[in-house]
Amino acid sequence: MALVDIQVPDIGDFDEVAVIELLVKVGDTVKAEQSLITVESDKASMEIPSSGAGVVKELLVKLGDKVKQGVVIARLDSDAAPAEKPAAPAAASAPESKPAPAAAAAPAPAADSSGPVKVLVPDIGDFKDVAVIEVLVKVGDTVKLEQSLVTVESDKASMEIPSNVAGVVKEITVQLGDKINIGDPIAVVQASGAAAPTAAAAPAPAATSDKPDAPAATPAPAPAAGTPAAAPAAAHDPSAPVRTGLPHASPSVRKFARELGVPLEEVKGSGAKGRITAEDVQAFTRAVMSGASQTRAAAAKGGAGSGADSGAALGLIPWPKVDFSKFGPIERKDMSRIKKISGANLHRNWVMIPHVTNHDDADITDLEAFRVSTNKENEKSGVKVTMLAFLIKACVAALRKFPEFNASIDGEQLVYKQYYHIGFAADTPNGLMVPVIKDADKKGIMQISQEMGELAKKARDGKLSPGEMSGASFTISSLGGIGGRYFTPIINAPEVAILGVCRSTMEPVWDGKAFAPRLMLPLSLSWDHRVIDGAAAARFNVYLGQILGDFRRVLL
Ligand code: CAO
């Protein structure tokens with residue numbers, strides 16, 4: 001096995017450029033001149049080719065690394081080189097010739113200190129017939145010295161061509177798609193008075209972008225200059241990996257996107273061949289800021305809509321599309337407004353909150369006997385005391401003892417509420433609604449029962465006001481009137497816990513000496529594991545069970 005180190009060749013004045021794409025992986029067989037990585041400065045991006053053929057044994061750079069000439073990118077086993085392509089000599093990774101400084105090769109404009117100046121394509125190394133893919137200024141624009149005027153692109157690199165004079169753009173003499181070469185005119189700029197430099201500005205080195213006083217004559221970036229591998233005009237290498245990851249955008253647009261934190265791969269390009277322009281990045285940012293759109297990362301954190309297709313934002317496979325009528329008769333109905341709204345909320349809460357549910361049983365034998373006798377005594381009052389009213393009071397007591405269950409997450413803080421507004425899930429013909437009993441700690445069982453009856457009726461009649469459905473600090477979902485044993489209720493964000501209750505049943509319970517018939521109420525407490533832990537949840541349920549078992553404990 002002959003190991004060959006592949007180094008970054010001479011890339012002109014590019015120093016410390018970032019690796020933005022790895023085009024091969026360990027185990028890949030590469031040909032000589034096949035691109036291995038893409039690097040980028042703020043003005044140009046280029047692919048770094050392999051100076052030899054072989055099998056990649058080691059990749060010595062990773063995304064984000066800063067590299068410069070001489071840095072070893074990869075280690076190849078050249079013995080394993082494809083037979084049809086003789087391996088280039090190992091030493092070939094270092095370029096044999098340096099790029100000519102732009103000042104030497106580029107034609108010097110006849111710079112009048114205040115007259116019109118023709119801006120010409122400077123020395124761009126071996127770049128020949130490169131296409132103008134972006135015109136970055138328009139007639140009337142005031143440009144600074146070295147401000148980029150156009151972006152050109154070969155099949156291996158793109159770079160921006162700067163102005164060698166400051167002033168007002170009088171004419172643009174190239175169009176999108178034009179093929180240009182060294183010495184071709186790009187624009188006419190009315191120099192703004194200061195003496196224009198006598199040499200054409202070189203395209204691109206990163207360091208010059210914000211420094212109008214930086215030397216204009218710098219070497220051209222070197223995809224063309226060093227190894228033959230880097231020649232941008234080289235025929236397209238069909239063995240090069242398909243570029244699925246890198247969005248089509250100029251270096252300055254990428255830099256702009258990076259500054260704003262915009263994920264370029266999510267921006268739809270409106271330029272030629274789908275190229276992303278600065279305006280596209282701005283439009284994307286505006287859409288996200290206005291809430292009209294969101295990034296995939298935000299969606300994955302839970303901002304995704306409830307639609308079945310929002311799984312794409314989570315990187316999930318598409319929702320199955322089935323023609324159900326193939327299997328039998330069907331009927332389609334629109335989802336109710338409430339179902340759509342509650343569905344979106346439930347979906348977000350399910351995805352965003354790390355739910356855990358603790359199940360337990362409470363002995364409500366004595367409490368139920370008390371409830372029944374109370375209702376008998378108060379028959380004439382018209383108010384029926386419900387088990388749910390007792391549960392609300394019992395939960396208030398447990399929330400007082402375990403305040404983190406009555407809290408909400410707000411950024412990096414926890415908000416501990418000192419009020420006890422208890423929501424209860426109500427099943428209505430249009431879907432699930434959650435009216436709220438405000439200040440349940442300050443109300444008696446009769447009052448709570450009465451309010452609950454009124455709110456449940458309003459919910460069924462679709463007459464709840466927004467105020468009657470907001471502000472809950474904890475929620476109870478009771479299926480006791482229907483049946484079932486246990487379930488996993490979904491937390492009603494931004495609350496951090498919810499109690500699910502099912503139908504009580506008479507069960508034989510061991511009292512230490514014998515089995516006794518006891519009325520047992522199944523409890524299911526779902527809690528947010530970011531705020532609450534399992535031990536606290538178990539304690540909460542135990543305490544709740546003790547109160548429901550003997551309500552006098554509320555007074556303790
Ligand atoms: N165990 C045994 N019986 C129970 C019980 C329990 N845990 N809870 C209620 N019952 C009984 C009641 O005593 C009542 O019996 P009687 O008619 O003999 O007095 C009967 O069941 C019906 O009660 P109810 O459901 O009308 O009254 P409630 O106070 O228990 O509940 C309300 C009110 C609004 C919560 C309820 O009507 C409701 O909508 N529940 C469904 C909530 C829901 O859908 N949750 C799921 C959310 S997740 O999708």
Side-chain angles (χ1 to χ4, degrees), residues 306 335-336 338-347 349-350 353 355 357 359-379 381-395 422-437 440 445-464 468-469 472 474-493 495 497-507 517-526 544-545 548-549:
S306 68
M335 275 205 213
S336 73
I338 290 172
K339 257 204 169 23
K340 280 191 228 160
I341 295 170
S342 62
N345 279 285
L346 289 164
H347 187 186
N349 300 347
W350 179 251
I353 302 173
H355 281 75
T357 307
H359 303 287
D360 210 337
D361 295 314
D363 184 337
I364 58 162
T365 317
D366 298 339
L367 186 59
E368 176 62 5
F370 176 66
R371 188 186 76 87
V372 170
S373 69
T374 307
N375 276 339
K376 268 204 184 115
E377 283 165 25
N378 291 302
E379 232 163 359
S381 75
V383 179
K384 190 173 145 194
V385 172
T386 66
M387 185 50 70
L388 196 48
F390 285 106
L391 280 163
I392 288 175
K393 274 313 249 190
C395 283
I422 312 296
F424 64 97
D427 185 26
T428 80
N430 289 323
L432 179 66
M433 309 214 62
V434 186
V436 181
I437 303 278
I445 296 286
M446 295 301 284
Q447 191 181 348
I448 291 175
S449 294
Q450 184 178 355
E451 264 186 42
M452 247 176 46
E454 288 163 7
L455 287 170
K457 181 168 185 322
K458 273 191 178 180
R460 281 192 288 273
D461 297 345
K463 289 191 175 146
L464 279 177
E468 288 167 324
M469 291 186 284
F474 182 84
T475 294
I476 302 178
S477 175
S478 171
L479 294 173
I482 304 167
R485 290 292 283 174
Y486 304 97
F487 68 114
T488 51
I490 298 177
I491 296 165
N492 192 17
E495 295 154 45
I498 181 170
L499 179 72
V501 182
C502 283
R503 194 167 187 80
S504 57
T505 50
M506 203 51 99
E507 287 175 24
R518 306 296 298 174
L519 188 63
M520 303 303 289
L521 179 72
L523 306 173
S524 302
L525 179 73
S526 291
L544 196 59
L548 293 170

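Ligands are counted one by one from 1 in listed order, and the atoms in each one are counted from 1 as well. Atoms considered below: every heavy atom in the structure, side chains included; atoms not considered: hydrogens, waters and symmetry mates.
Scored by the salt bridge (Lys or Arg N to Asp or Glu O under 4.0 Å) test, K384 finds no partners at all (sequence neighbours excluded). Checked against salt bridge (Lys or Arg N to Asp or Glu O under 4.0 Å), D361 has no partners two or more places apart in sequence or in another chain. Residues satisfying the side-chain hydrogen bond (donor to acceptor under 3.5 Å, both in side chains) test with E507, not counting sequence neighbours, are R485, T505.
No side-chain heavy atom of L544 sits under 4.5 Å from any side-chain heavy atom of D360.
Ring orientation note: the planes of F370 and F390 are nearly perpendicular, at an angle over 60° on the 30°/60° scale.
Closer than 4.0 angstrom to ligand 1 sit non-hydrogen atoms from R371, K384, T386, L388, A425, A426, D427, L432, M452, A456, S477, S478, L479, G480, G481, C502, R503, S504, L521.
Without hydrogens or angle criteria, S336 side chain to N430 main chain gives a donor-acceptor distance under 3.5 Å.
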